[in-house]
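The block underneath contains the structure these notes are about, expressed in structure tokens.
Both counts, for ligands and for their atoms, begin at 1 and track the order of listing. For clarity, every value in this text was computed on a predicted model and none was experimentally measured.
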Amino acid sequence: MTNNELPALRWGIVGTGLISSWFVADLTIDRANRGANHTIQAIGSSSVQKGQEFASQHLSGHTPTIYGSYAELYNDPNVEIVYIGTPHAFHKQNALDAIRAGKHVLCEKSFTLNEREAKEVFAEARGYNVFIMEAMWTRFFPLVQKLRQLIHVDKTIGDVHRVWCDFGLPKDIASLPITSRYKDPALGAGSLLDIGIYSLTWVILALESNLRTETPQVLATQKIVHHVDVATSVLLNYPDGRQGVATSTFASKTPANFCRIEGTIGSIVVEGLAASVPTSFTIQLRNEEPQKYEFERPGRGFYWEADAVAIDIAAGKTENDIMPCDETIRIMHLLDEIRRQGGAQFPQDLE
Ligand SMILES: NC(=O)c1ccc[n+]([C@@H]2O[C@H](COP(=O)([O-])OP(=O)(O)OC[C@H]3O[C@@H](n4cnc5c(N)ncnc54)[C@H](OP(=O)(O)O)[C@@H]3O)[C@@H](O)[C@H]2O)c1
């Protein structure tokens with residue numbers, strides 16, 4: 001298929017922070033085997049100046065329309081899909097506004113602050129018949145697809161019965177201003193929704209062959225400082241005895257081998273910069289040499305989820321099979337339960 005025959009999508013970017021800069025850089029790099037063509041059509045920011053600085057810094061050679069408000073971007077008829085890169089607490093309203101303007105939506109993780117908000121957004125998207133997905137980009141890595149095939153289809157390490165995954169990222173919460181998204185509970189602050197969601201995702205991907213159908217028991221504890229969870233530890237306990245431990249912390253950086261998957265005849269260690277960005281995994285079967293699988297990844301890897309979205313929309317779909325709405329709701333449900341047991345609360349939980 002030539003580039004001219006690929007699905008094409010015109011994106012409007014909401015918020016000009018760190019993640020939006022990574023996302024647009026990836027969508028505009030030269031790469032082989034692209035699955036779709038992406039245009040950054042517009043940038044929506046709190047000010048035109050900030051939007052212009054973002055475009056000149058991260059989009060050289062491209063000339064998106066710059067808006068000093070999100071509302072103008074939602075109403076731009078040339079924008080087909082809105083990418084939401086604001087702090088979690090704004091995802092619900094940003095998504096509702098985009099949907100009501102008839103736009104498709106790709107919304108950063110965590111999708112919302114809690115399950116109730118997620119259900120509200122998905123119901124609205126259904127009403128407007130637009131595509132919507134949580135931007136859980138890691139699930140779209142070819143590495144993850146290959147790993148799941150080896151574990152669940154080929155049964156390479158036998159039956160998987162235990163998984164550990166950790167995501168640690170040092171953050172000195174005490175020194176941050178109260179307006180920081182890492183410190184303000186009203187912005188969804190805490191390690192769980194920021195990075196623990198990845199640990200939880202790995203445990204689920206490795207332990208569950210049929211996603212969305214299982215309801216493990218949750219046992220969780222959190223260390224709360226300044227009303228924010230700075231560390232969370234979760235045990236997912238499945239009725240047949242499978243166990244998964246998902247942890248996150250702002251106290252230290254996790255080493256490269258962030259995830260270990262244990263089966264009846266061997267184990268797999270997943271390596272990478274962090275649980276969000278896996279780069280390789282190593283299979284160790286009993287009495288055999290370890291076998292390492294490495295994967296090419298130009299840029300960071302956000303284009304895999306973006307390609308999947310473009311292909312779905314071109315096919316007339318309103319949700320994606322790898323990250324469907326039900327799975328996001330299940331994850332939000334688990335996150336709610338973890339916070340209920342651990343103690344981290346957001347003011348919005350009481351609304
Ligand atoms: N997928 C990943 O690997 C990954 C990595 C990092 C973050 N994330 C997710 O992306 C989201 C944003 O994180 P980030 O690290 O990019 O945040 P960030 O650097 O603080 O940027 C967030 C942007 O949102 C807009 N915004 C609107 N109201 C805001 C407020 N009251 N406070 C701060 N910003 C506000 C701002 O853009 P304007 O001023 O231009 O409107 C700001 O630049 C979070 O939900 C996070 O979980 C995902």
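Closest to atom 48 (C) of ligand 1 among all protein heavy atoms lies Glu108 OE1, 3.1 Å. Nearest protein heavy-atom contact of atom 9 (C) of ligand 1 is Lys109 O, 3.4 Å. Counting only heavy atoms of the protein, atom 13 (O) of ligand 1 lies nearest to Arg181 NE, 3.2 Å. Nearest protein heavy-atom contact of atom 4 (C) of ligand 1 is Ile19 CD1, 3.1 Å. With hydrogens left out, the protein atom closest to atom 29 (C) of ligand 1 is Phe90 CE1, 3.6 Å, a heavy atom. Among protein heavy atoms, atom 37 (O) of ligand 1 sits closest to Thr16 N, 3.1 Å. Given atom 35 (C) of ligand 1, the protein heavy atom at minimum distance is Pro87 CD, 3.6 Å. Closest to atom 21 (O) of ligand 1 among all protein heavy atoms lies Gly17 CA, 3.2 Å.
When each atom of ligand 1 is checked for a heavy atom of His91 under 4.0 Å away, the hits are 45 (O). When each atom of ligand 1 is checked for a heavy atom of Tyr198 under 4.0 Å away, the hits are 1 (N), 2 (C), 3 (O). Per-residue contacts place Asp194 under 4.0 angstrom from the following atoms of ligand 1 (heavy atoms of the residue considered): 47 (O). With ligand atoms numbered from 1 in the order given, ligand 1 contributes 38 (P), 39 (O), 40 (O), 41 (O) to contacts under 4.0 Å with heavy atoms of Ser45. Close contacts between ligand 1 and Ser46 involve ligand atoms 38 (P), 39 (O), 40 (O), 41 (O) [criterion: under 4.0 Å to a heavy atom]. For ligand 1 and Thr86, the ligand atoms under 4.0 Å from any heavy atom of the residue are 11 (C), 12 (C), 24 (O), 25 (C), 44 (C), 45 (O). Listed by number with element, the atoms of ligand 1 under 4.0 angstrom from any heavy atom of Gly85 are 12 (C), 22 (C), 23 (C), 24 (O).
Remark: of the listed residues Val269, Val270, Val144, Val270 is the sole one forming a side chain to side chain contact (heavy atoms under 4.5 Å, CB included) with Phe281. With Thr282 as the fixed residue, the side chain to side chain donor-acceptor pair (under 3.5 Å) test singles out one of Glu271, Gln291, Lys292: Glu271.
Atom CG of Asp166 and atom NZ of Lys253 lie 9.5 Å apart (nearest 0.5 Å).
By the 4.0 Å heavy-atom criterion, Tyr67 is excluded from the residues contacting ligand 1. At a 4.0 Å cut-off, not a single heavy atom of Phe23 sits close enough to ligand 1 to count as contact.
If you look at Ser276 next to ligand 1, there are no close heavy atoms at all, none under 4.0 Å.
Ion pairing between a basic and an acidic side chain is recognised when a charged N comes within 4.0 Å of a carboxylate O; Lys50 and Glu53 show no such pairing.
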- Task: Give the C-alpha distance, both sets of side-chain angles, the deciding distance and a yes or no for ring pair (Phe, Tyr, Trp, His ring centres under 6.0 Å) between Phe140 and Tyr303.
- Result: CA-CA 9 Å; Phe140 294 83; Tyr303 36 76; over 10 Å; no
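Within the 4.5 Å cutoff, the side chain of Leu113 has no heavy atoms near those of the Lys92 side chain. The shortest side-chain heavy-atom distance between Phe131 and Leu106 does not fall under the 4.5 Å cut-off.
Summarising the contacts of atom 41 (O) of ligand 1 with Trp22, Tyr70, Phe302, the nearest heavy atom is found in Tyr70.
For the residue pair Asp307/His38, the side-chain donor-acceptor check at 3.5 Å is satisfied.
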Exercise answer: donor-acceptor pairs, residues 193-206 side-chain atoms, under 3.5 Å, sequence neighbours excluded:
residue : atom : partner : partner atom : Å
Asp194  : OD1  : Arg181  : NH1          : 2.8
Asp194  : OD1  : Arg181  : NH2          : 3.2
Tyr198  : OH   : Trp137  : NE1          : 3.0
Ser199  : OG   : Phe167  : N            : 3.3
Ser199  : OG   : Thr247  : O            : 2.8
Thr201  : OG1  : Ile197  : O            : 2.7
Trp202  : NE1  : Ala275  : O            : 2.7

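Side-chain atoms of Asp312 do not come within 3.5 Å of backbone N or O of Lys317 as any donor-acceptor pair. Judged by distance alone, the side chain of Glu124 and the main-chain N or O of Leu96 form no donor-acceptor pair under 3.5 Å.
Here Phe23 and Tyr83 bring their ring centres to under 6.0 angstrom of each other.
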